[in-house]
Amino acid sequence: MEIGKKIQHLRRAKGLTQEQVAAALGITGAAVSKWETSAAIPDVPALCPLARLLGTTVDALLDFRPALSMEEINALLEERRKLFEENKVEEAAASCEALLREYPDDLRLKCAVAGLYIMYMPSFSNTDRMEHHMNRTIALLKESRKSDDPPLAANARSMLVNLHIMREELDEALALLDEEPAAQTNARMVRANILLRKGELDKAEELYQTELWSAGRDVTLALVGMYNAARRRKDWTQAMVCVDTALAAERVLRSEELGGLTGSLHMLRAEVLLGQGEPEEAMKALTKYVDWSLAQWTRLNSGKELRSAFYGRLNMRSSGMSAGYLAKYIRAALEESGELAPLRGREDFRTLLARLAEAGGE
């Protein structure tokens, strides 16, 4: 609420007239009227007496908050996310920077804005602008990782490592990983076991499910890493074993139910099939990748609470990115992929691109 409206609201709640407020503060009624219409704001010396008169504090009167809650951050960034989706990239970035200036010491906000910049980095089509925002994102994460909140610092460090890898700054990425303290015990599992013995079954089950979800994601990512190593050696047989094993792991652990990596694995499968000289099968896998990705993203962003019988205690938060924006991103990736170049002349490949263009509102 603007300060003028807040003064008016509190004055009326106290049953005071503008003249009574003016008399109590030794000012004119016209001055109070200007405050309430936002034609002027109270002078600093008047703030404390005014707050006392209205039964509030100066901080409340000025809507001062040293930091935002995570719910407030998500709500504020949702407005900026919509600007990115509408391709108002510079306006979105400027709005984010204005928010950061308003809360210059809020490390949680800085980390969240950095995450938003990473999500919509492909929107910065101009190479120079992309480099500028990449550098800005890295700067925000470097500040965020100094947080005294261990989960926040770890999240910032993880994103920072991935950005250094993207930029082929591999020594910097390794240096950051060396800072990560080696875990001697799995605190989450130990806590879950203690809660189980105490009979707090719901809390224990939530931790077990979180651990299983995390472990399943690690298994998939490890297999994707092995796939990449095999692909570099052009060992297509081993690459296919890795992809199929990862798909099987997602099915068995049911991580696909809550937005696992199944869609991306179908894309990798298409690349393997092309390497094996099977373009027809590769096209089927590529179509499956598009179908799965768009369906999953629509489900994740439907606004409905996602539930899984296997992970019934977990709530998966949507990224907020729309299926339409994702379709544009996927289409650009397919058009630019060197691995998929042999498919570009095919009619069904062009049909798939046209379908993505339609889903993206083009």
Side-chain angles (χ1 to χ4, degrees), residues 1-2 68-104 106 108-141 144 155-156 159 162-163 166-167 259 263-264 267 289-306 315-337 350-362:
M1 188 183 297
E2 295 175 2
L68 297 162
S69 69
M70 205 61 234
E71 290 74 19
E72 289 170 324
I73 289 174
N74 289 335
L76 288 168
L77 292 191
E78 174 64 15
E79 300 170 16
R80 280 79 181 169
R81 185 193 65 77
K82 288 178 180 176
L83 291 173
F84 276 115
E85 294 270 342
E86 295 166 2
N87 209 30
K88 298 175 181 177
V89 179
E90 296 303 330
E91 183 180 344
S95 184
C96 286
E97 294 301 318
L99 187 60
L100 289 168
R101 286 192 295 273
E102 188 174 351
Y103 296 92
D106 195 328
R108 194 176 299 277
L109 175 63
K110 289 181 180 182
C111 191
V113 170
L116 193 68
Y117 282 169
I118 291 171
M119 184 186 302
Y120 290 102
M121 196 66 72
S123 298
F124 298 100
S125 53
N126 181 290
T127 304
D128 290 338
R129 295 302 295 161
M130 181 180 285
E131 183 68 15
H132 168 79
H133 284 285
M134 179 75 81
N135 290 334
R136 178 60 175 149
T137 303
I138 288 174
L140 290 172
L141 292 174
S144 302
N155 186 32
M159 286 195 282
N162 287 327
L163 285 180
M166 283 174 57
R167 286 159 57 117
S264 298
M267 171 70 149
Y289 158 66
V290 171
D291 290 342
W292 184 279
S293 298
L294 293 180
Q296 276 290 85
W297 211 266
T298 299
R299 192 167 70 93
L300 282 167
N301 290 274
S302 65
K304 298 178 182 177
E305 193 174 77
L306 284 181
N315 290 316
M316 305 302 290
R317 188 171 68 85
S318 163
S319 70
M321 183 188 288
S322 69
Y325 185 88
L326 178 69
K328 291 180 182 179
Y329 178 77
I330 291 176
R331 183 187 176 202
L334 297 189
E335 288 178 323
E336 296 169 9
S337 170
R350 289 194 294 271
T351 300
L352 194 61
L353 292 180
R355 187 177 141 217
L356 286 167
E358 183 179 358
E362 298 178 37

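Along the sequence shown, residues carry numbers from 1.
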What pairs of donor and acceptor atoms, side-chain ones from residues 91-100 against any protein atom, are under 3.5 angstrom apart with sequence neighbours left out?
unit_1 : atom_1 : unit_2 : atom_2 : d
Ser95  : OG     : Arg80  : NE     : 2.8
Ser95  : OG     : Arg80  : NH2    : 3.3
Glu97  : OE1    : Arg136 : NE     : 3.1
Glu97  : OE1    : Arg136 : NH2    : 2.8
Glu97  : OE2    : Tyr117 : OH     : 2.7
Glu97  : OE2    : Arg136 : NE     : 3.2

side-chain contact (heavy atoms from CB on, under 4.5 Å) assessment of Glu102 paired with Leu68: CA-CA 11 Å; Glu102 188 174 351; Leu68 297 162; over 6 Å; no

Main-chain N/O of Ala333 paired with Ser337 side-chain donor or acceptor, under 3.5 Å: no

Between atom [atom1] of [X] and atom [atom2] of [Y], what is the distance when rounded to the nearest 0.5 Å?
X	Y	atom1	atom2	result
Leu116	Leu76	CG	CG	11.5 Å
Ile138	Met166	CD1	CE	9.0 Å
Thr137	His132	OG1	NE2	9.0 Å
Leu140	Leu109	CG	CG	9.0 Å
Met70	Arg108	CE	CZ	6.5 Å
Asp106	Ile73	CG	CD1	5.0 Å

Criterion salt bridge (Lys or Arg N to Asp or Glu O under 4.0 Å) on Arg355 and Glu358, from CA distance to verdict: CA-CA 5 Å; Arg355 187 177 141 217; Glu358 183 179 358; over 6 Å; no

Side chains of Cys111 and Leu141 in contact at under 4.5 Å (non-hydrogen atoms): yes

Side-chain heavy atoms of Met267 within contact of Ile330, under 4.5 Å: no

Heavy-atom pair with the smallest gap, counting every atom of [X] and [Y]:
X	Y	result
Ala327	Ala359	CB-CB, 3.7 Å
Gly115	Met159	CA-SD, 4.0 Å
Tyr329	Pro122	CE1-CG, 3.2 Å
Glu90	His133	OE1-NE2, 4.1 Å
Val290	Leu356	CG1-CD2, 3.6 Å
Ser293	Gly263	OG-CA, 4.1 Å

Plane angle bin for Phe84 and Phe124 - parallel if under 30°, tilted between 30 and 60°, otherwise perpendicular: perpendicular

Asn162: partners by side chain to side chain donor-acceptor pair (under 3.5 Å), with sequence neighbours left out: none

Charged N-O contact under 4.0 Å between Glu335 and Arg331: yes

Ion pair check, Glu85 and Lys82, cut-off under 4.0 Å: no

side-chain contact (heavy atoms from CB on, under 4.5 Å) partners for Asn87, two or more places apart: Val89

